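Per chain, numbering begins at 1; letters A, B, ... match sequence-line order. Heavy-atom basis, side chains included; hydrogens, waters and symmetry copies ignored. Model, not experiment: these values are computed from the prediction.
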2 protein chains.
Amino acid sequence: MSTKTTLKGIAEHLNLSISTVSKALADSPEISDSTKLLVKTAARQLKYRPNAMARGLKSSRTNTLGVVIPNIMHNFFAKVIVGMEEEATKNGYSLVTCISNESLEKEKQSLHMLSDVSVDAIIISLTSETQETNEIEHLKDILHYDIPLVMFDRANSDLACDSVVINDYKGAYDAAAYLLKTGCRNIAFLSTLNNTSVGNKRLSGYQAALSDYDNTLVPKVVYTKLTSLENDLGTFIENNDIDGLITTDESSAIYSMNTLRIKGKQVPEDVSVIGFTDGNLARNYFPSVTTVKQQAEIMGKKAVQIALKNLNNKDQHEPVQEIIETELVIRNSTKTI
Amino acid sequence: MSTKTTLKGIAEHLNLSISTVSKALADSPEISDSTKLLVKTAARQLKYRPNAMARGLKSSRTNTLGVVIPNIMHNFFAKVIVGMEEEATKNGYSLVTCISNESLEKEKQSLHMLSDVSVDAIIISLTSETQETNEIEHLKDILHYDIPLVMFDRANSDLACDSVVINDYKGAYDAAAYLLKTGCRNIAFLSTLNNTSVGNKRLSGYQAALSDYDNTLVPKVVYTKLTSLENDLGTFIENNDIDGLITTDESSAIYSMNTLRIKGKQVPEDVSVIGFTDGNLARNYFPSVTTVKQQAEIMGKKAVQIALKNLNNKDQHEPVQEIIETELVIRNSTKTI
DNA sequence: ATGAAAGCGCTAACAG
DNA sequence: CTGTTAGCGCTTTCAT
């Protein structure tokens, strides 16, 4: 093992003091240009790389951001991570990623761990369990330790911290409005997001669109899980004659279309389908799926930007909520106008 | 801000010395049971959490693993990360994740950054650019600094470090053999992995299966990218009469099936299709796609296990290559036997 | 059984 | 302009 060069190493090599070397590398005005040059060349030769831990110990800054997400297999979250990673790297930060796997317990552990390794800020999307139970002590602890916290997508309004969310209400509203415009009148709403902030907002948007259009229309809601979707939707279809369906995520849209096919319904001729999350599945299914596109990468970048801002300016401020608008991507699972 | 409690805080609180507190918390036999109890209760009361940086500075261990992957949007890599995260957490380690985005330059930066933050080991899957150019100096640097390195999936055999890979040869061989068994005789191989170790091994497996079966069969290979797949495969089909197709990833399989449909070919009646990577797309497309399943989560776990083993036992050893077998998941994009 | 002190690598106040 | 020194929070050797 060739031991790593430290400031001391360079200092000895050049017969200078450690602090001179430190200042030279930091481009301090106290140091003459000639020795700066000397030091910098030596540093390069000796492949000097500052020890982030030592520096962090001194400055209590680590240039790392903690991220905790419920599920990385979900296209939306993966995309958010891409956006975060890009923005973080651009600003000299790196990401410590934790996957809470929709478990409150794991979320708590992750937060502990992140605070242990002294990340400069934490960015989190809450687990469904956290949102259902509304248990937020562990999040308050983070704020209490003065670690900047920003929530994204699945936020909690009882918490005094910044957040960045999709305009879920309007996304669902637009989807329903579009279906109405194309002639659908019996539009159902299939949700795998029971008890989450996101799910509730989408439901409201859907309901509002129906009643704004014609207040005799009755909303029909199917709560389900991916694992039981085929059964739940199947029996629902047998008892309800629908011509439109909005689902709260990408996989649900696909599963629903498969179920519809099995039940002898054509998409979009018999029933139009709109999903959320614009991923590979929606784009490449047959027929391709009309989708409410959440600007995942933008969301990730914004979250990092807010975190960095908070971290550089630690005075109190009213929590701000950044709202990102969705976009309805029209494809072939819906009738044309 | 309520300032974090440190050993000093506890020590003052109890009128003990810092070192006594430190030892008590570490369960040192030097300390009496009574004071141990005292210290531990105080620690809990004051919500003491050790500072990982300070500890790391002393022990030059950070309990973090660096991971660099080419693309997190790819189902396979996302799954690998899930496996890694699980195994790492189980062992008290956390993951610093970098996305190289298939760029050699970004890969180098990531490695630098990871070495800067003193991760205890690095786990990497190489970018296609790295594999094409065979530039591995940056990887050698890591080994040179004695940071345990383990490569997964896309490995480089010129590098003296452990790796864990899929049995790509056999995966492709089995896929081709299955198509042959179901009666296909004009099987093409469509690759988006030109110049990668993985792509080459799959190609060999495919070729071997053909010649083992009947050495008059001629392999037909289409190199393409996702962005131009439709064109490339389209013209290929016009000039070649195929009844079977093996693609090197999940999206390619889907795109290919769309292309085949456009060209008036039925799947699987006219041509059978087999893809790699068993994700949502393959499972839920219509028809569902017969797939070579790579055990992604297992791979992630194995990689972490190897990294941890190396890190706890730093003597030299011959590089070991762990090979994970694939599994052919038979669905509806292939004819039955 | 407990404490004092050195030192991990770095920064920054202070002295020269 | 350069060097000395103290200290970030912790572990660990060496007294007591």
Side-chain angles (χ1 to χ4, degrees), chain A residues 1-40 42-43 46-64 92 115-120 145-146, chain B residues 1-40 42-43 46-64 92 115-120 145-146:
Chain A
M1 153 167 210
S2 85
T3 169
K4 266 203 154 197
T5 31
T6 66
L7 286 186
K8 194 171 158 202
I10 303 178
E12 281 168 0
H13 183 76
L14 295 175
N15 261 315
L16 285 172
S17 79
I18 294 179
S19 57
T20 304
V21 174
S22 170
K23 288 173 190 164
L25 289 173
D27 252 327
S28 157
E30 290 182 12
I31 305 294
S32 74
D33 286 350
S34 56
T35 50
K36 271 187 195 172
L37 187 66
L38 218 62
V39 169
K40 286 181 179 173
L46 302 174
K47 296 194 182 184
Y48 170 72
R49 306 231 102 214
N51 179 322
M53 266 188 303
R55 184 179 283 175
L57 186 53
K58 189 92 238 219
S59 65
S60 58
R61 281 248 190 143
T62 53
N63 281 283
T64 58
S115 119
D116 285 354
V117 300
S118 308
V119 293
D120 293 342
Y145 283 132
D146 221 30
Chain B
M1 152 166 210
S2 84
T3 168
K4 269 202 150 194
T5 30
T6 66
L7 285 188
K8 195 174 159 198
I10 303 178
E12 282 167 1
H13 183 76
L14 296 175
N15 262 315
L16 287 171
S17 78
I18 294 179
S19 52
T20 304
V21 175
S22 171
K23 287 172 191 164
L25 289 173
D27 253 328
S28 157
E30 291 182 12
I31 305 294
S32 74
D33 285 350
S34 56
T35 51
K36 270 186 194 172
L37 187 66
L38 219 63
V39 169
K40 284 181 180 172
L46 301 174
K47 296 192 183 185
Y48 170 73
R49 306 230 102 214
N51 181 319
M53 266 187 303
R55 185 177 283 176
L57 186 53
K58 191 89 236 213
S59 66
S60 58
R61 280 252 189 140
T62 54
N63 280 280
T64 58
S115 120
D116 285 355
V117 301
S118 308
V119 292
D120 292 342
Y145 283 131
D146 220 30

Heavy-atom side-chain proximity of [X] to [Y] below 4.5 angstrom:
X      : Y     : answer
A:S28  : A:K36 : no
A:V117 : A:T62 : no
A:S115 : B:K4  : yes

Separation of [X] atom [atom1] from [N] atom [atom2], in whole Å?
X     : N      : atom1 : atom2 : value
B:L7  : D:dT12 : CG    : P     : 12 Å
A:K8  : C:dA6  : NZ    : P     : 15 Å
A:D33 : D:dT2  : CG    : C1'   : 15 Å
B:L57 : C:dT11 : CG    : C1'   : 13 Å
B:E12 : C:dG3  : CD    : C1'   : 15 Å
A:I10 : C:dG9  : CD1   : P     : 13 Å
B:N15 : C:dA4  : CG    : P     : 11 Å
A:R49 : C:dC10 : CZ    : P     : 12 Å

Going by side chain to side chain donor-acceptor pair (under 3.5 Å), name the residues that satisfy it together with B:E12, two or more places apart in sequence or in a different chain. none
Does [X] have a side-chain nitrogen or oxygen under 4.0 Å from the phosphate oxygens OP1 or OP2 of [N]?
X     : N      : value
A:T20 : D:dT2  : no
A:R55 : C:dT11 : yes
A:S17 : D:dG3  : yes
B:T35 : C:dA1  : no

Would you say the side-chain atoms of A:S22 and A:S19 include a donor-acceptor pair closer than 3.5 Å?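 No, no side-chain donor-acceptor contact under 3.5 Å.
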Tell me what A:S59 touches on the nucleic acid: a base, only sugar-phosphate, or nothing, going by heavy atoms under 4.0 Å.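 Answer is nothing: A:S59 stays at 4.0 Å or more from every strand.
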A:L16 side chain, from C-beta outward: closest of D:dC8, D:dG3, C:dC10: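 Closest of the options to the side chain of A:L16: D:dG3.
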Between N or O atoms, less than 3.5 Å apart, protein on one side and nucleotides 12-14 of chain C on the other: list the pairs.
from, atom 1, to, atom 2, distance (Å)
C:dA13, N6, A:K23, NZ, 3.2

Side-chain donor or acceptor of B:S17 paired with backbone N/O of B:T20 under 3.5 Å: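 Between the backbone of B:T20 and the side chain of B:S17 there is a qualifying donor-acceptor contact (under 3.5 Å).
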Mark yes or no for whether B:D120, through its side chain, and B:R61, through its backbone, hold a donor-acceptor pair below 3.5 Å. no
Does a side-chain N-to-carboxylate-O contact under 4.0 Å join A:D27 and A:K40? yes
Is any NZ, NE, NH1 or NH2 atom of the basic residue among A:R49 and B:D116 found under 4.0 Å from an Asp or Glu carboxylate oxygen of the other? yes
For the helix from C:dA1-D:dT16 to C:dG16-D:dC1, what angle lies between the axis at the first five pairs and the axis at the last five pairs, to 10 degrees?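 Answer for the end axes of this duplex: 50°.
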